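The next block holds one structure in the form of structure tokens; read it before the comments.
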Amino acid sequence: MKIFLDTVGCRLNQSEIETYARQFHAAGHTLVADPAEADLAVINTCAVTSSAASDSRQKIRQAGRSGSKEIVVTGCWSSLSPEAASALPQVRRVVPNAVKDRLVLDLLDLPAETFDLEPIARQPIPGARLRTRAFIKVQDGCDNRCTFCVTTLARGQGRSRTVGEILADVQAAMRCDPDTLAGAQEIVLTGVHLGSWGQDFSSSMHLRHLVETILRETDVPRMRLSSLEPWDLDESFFSLWDNPRLCRHLHLPLQSGCGATLRRMARKTTPQTFARLVASARAACPDLAITTDIIAGFPGETEAEFAETLDFVRKMNFAGGHVFTYSARPGTAAARMPDQVAYPLRKERNARLHADLVVSSARYQTQFLGQVVEVLWENVSELGPRFWQMSGLTDNYLRVHTLAPAHLWNQITPVKIMRHTSRGLCGEFVVDDVN
């Protein structure tokens, strides 16, 4: 069969779709970049916001209109709204999150041990999803009860994968693909509640034990951590950055800089404890990029509370972040709260927060002007017989653009940062580093 794979949402969804790619390929099927060519399309959906749910429905409809003969839907939106998902054109099966790890086995009617014999080499997904980074799912589900979040309803309780399973996935990601002749240069550890990894084992472990093991047992050039809840970390965690292979990037979702709002969100932190954690992280790793998530217009957010958040965000001087306009998700406590903020006001607050994050992001980036940084090149386009337009990421998540005399996709090379633009940083190759 010809298989088309697509996903909406988080890095965990990306990790799952990459796993499906490896499994379908190992079972003898072909991955295609266009749903019009597919016998089967698999769409991994998201429900974290109303926009993500809408995007999920749109992806499914696009696959149906393109001519995909059969569509299988999984993920958070379809798990929460299975009847609505089933009613969309060409959808033949809805796979709940609880059994999505068996999706390929069940679709192909294969025995459970099919993919257990040896690690399956990473299979890049055709088209836009060809990646230099591999997303490694280490944990699923969440035991937090944030009042705005629908993910706990969609994903269930937290559960960790074993060290052995994770190491096998890392090794598979690093193995050279026969088509691209390249393995992943960077792995990203992902999970719904990544910082809880290992806490559900009979002998409890901490995420730092997993990080240490991967760095010790593999030679992966780079390892990055996806989003981590601030209450899962302490000062000892930041000693991990003594190893230069651990990317200097920490994404800490704040959600609000106001203590009263955080309490209504049921977040297990305060502005004060969050600020102390950030200070400890920066003391341990001065160039660490700390990014965040903020929700604008949470129910009950007054002008005074918003002003607290705005002031706190400015003081934190984040390297970047995402601002989400509050979206009431059915089944969550926040959707039932009084004093829902008017939508136009939510959008206005979003814009103000976003503007401040743009300023602090530029401030962080410009401190690297004149410095030589290592860049993993992700996007390459030919400009003629002698030059290539390239962009990629530093380990501290700075987007860098440059012209190169060679095709260097999926390679890490040094570049001197020359200027800052609205698209990111522009650099020049260090002489004699590129042939």
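All of these numbers come straight from a predicted model, not from anything done at the bench.
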Is there a side-chain hydrogen bond (donor to acceptor under 3.5 Å, both in side chains) between W377 and T413 once you walk through the steps?
CA-CA 8 Å; W377 301 110; T413 66; 2.7 Å; yes

Heavy-atom closest contact (S160 atom, D200 atom, distance):
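Minimum heavy-atom contact is OG-OD1, 2.5 Å.
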
Exercise: identify the closest heavy-atom pair between A154 and S79:
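For A154 and S79, the tightest heavy-atom pair comes out as O-CB, 4.4 Å.
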
Find out whether [X] and [Y] are in side-chain contact, i.e. whether some heavy atom of one side chain is under 4.5 Å from a heavy atom of the other.
{"X": "E374", "Y": "R222", "value": "yes"}
{"X": "H322", "Y": "H251", "value": "yes"}
{"X": "E186", "Y": "V188", "value": "yes"}
{"X": "M223", "Y": "C247", "value": "no"}
{"X": "T30", "Y": "I3", "value": "no"}
{"X": "I71", "Y": "V42", "value": "no"}
{"X": "N379", "Y": "M390", "value": "no"}

Anything under 30° is parallel, anything over 60° is perpendicular, the rest tilted; go ahead and classify W197 against F201.
perpendicular

Classify the angle between the aromatic ring planes of F238 and W241 as parallel (below 30°), tilted (30 to 60°) or perpendicular (above 60°).
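Tilted: the ring planes of F238 and W241 meet at 30° to 60°.
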
List, one per line, each side-chain donor-acceptor pair under 3.5 Å for residues 393-400, sequence neighbours excluded.
residue : atom : partner : partner atom : Å
T394    : OG1  : N396    : N            : 3.4
T394    : OG1  : N396    : OD1          : 2.6
T394    : OG1  : Y397    : N            : 3.4
T394    : OG1  : L398    : N            : 3.0
D395    : OD1  : R248    : NE           : 3.3
D395    : OD1  : R248    : NH2          : 2.7
D395    : OD2  : R248    : N            : 3.0
D395    : OD2  : R248    : NE           : 2.8
N396    : ND2  : Y364    : OH           : 3.0
Y397    : OH   : R11     : NH2          : 3.1
R399    : NH1  : E378    : OE1          : 3.2
R399    : NH2  : E378    : OE1          : 3.2

Applying salt bridge (Lys or Arg N to Asp or Glu O under 4.0 Å), which residue pairs with at least one partner in residues 256-270 are found, sequence neighbours left out?
E229-R267, R264-E305

Could you name each residue pair satisfying salt bridge (Lys or Arg N to Asp or Glu O under 4.0 Å) that touches residues 77-98, not counting sequence neighbours?
none

I'd like a table of donor-acceptor pairs (distance under 3.5 Å, sequence neighbours excluded) in which one partner is a side-chain atom from residues 274-288, with atom names and distances.
residue : atom : partner : partner atom : Å
S280    : OG   : E235    : OE2          : 3.4
S280    : OG   : R276    : O            : 3.1
R282    : NH1  : M316    : O            : 2.9
R282    : NH2  : M316    : O            : 2.8
R282    : NH2  : N317    : O            : 3.1

Only one of N44, D6, T7 forms a side chain to side chain donor-acceptor pair (under 3.5 Å) with K59, so which one is it?
D6

Knowing that exactly one of D101, D169, T19 qualifies, which makes a side chain to side chain donor-acceptor pair (under 3.5 Å) with K137?
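Only match with K137 under side chain to side chain donor-acceptor pair (under 3.5 Å): D101.
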
Can you list the residues that meet the side chain to side chain contact (heavy atoms under 4.5 Å, CB included) rule with Q157, with sequence neighbours excluded?
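Checked Q157 against side chain to side chain contact (heavy atoms under 4.5 Å, CB included); matches are D143.
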
Which pairs with one or both residues in residues 327-344 pass side chain to side chain donor-acceptor pair (under 3.5 Å), sequence neighbours excluded?
S50-S327

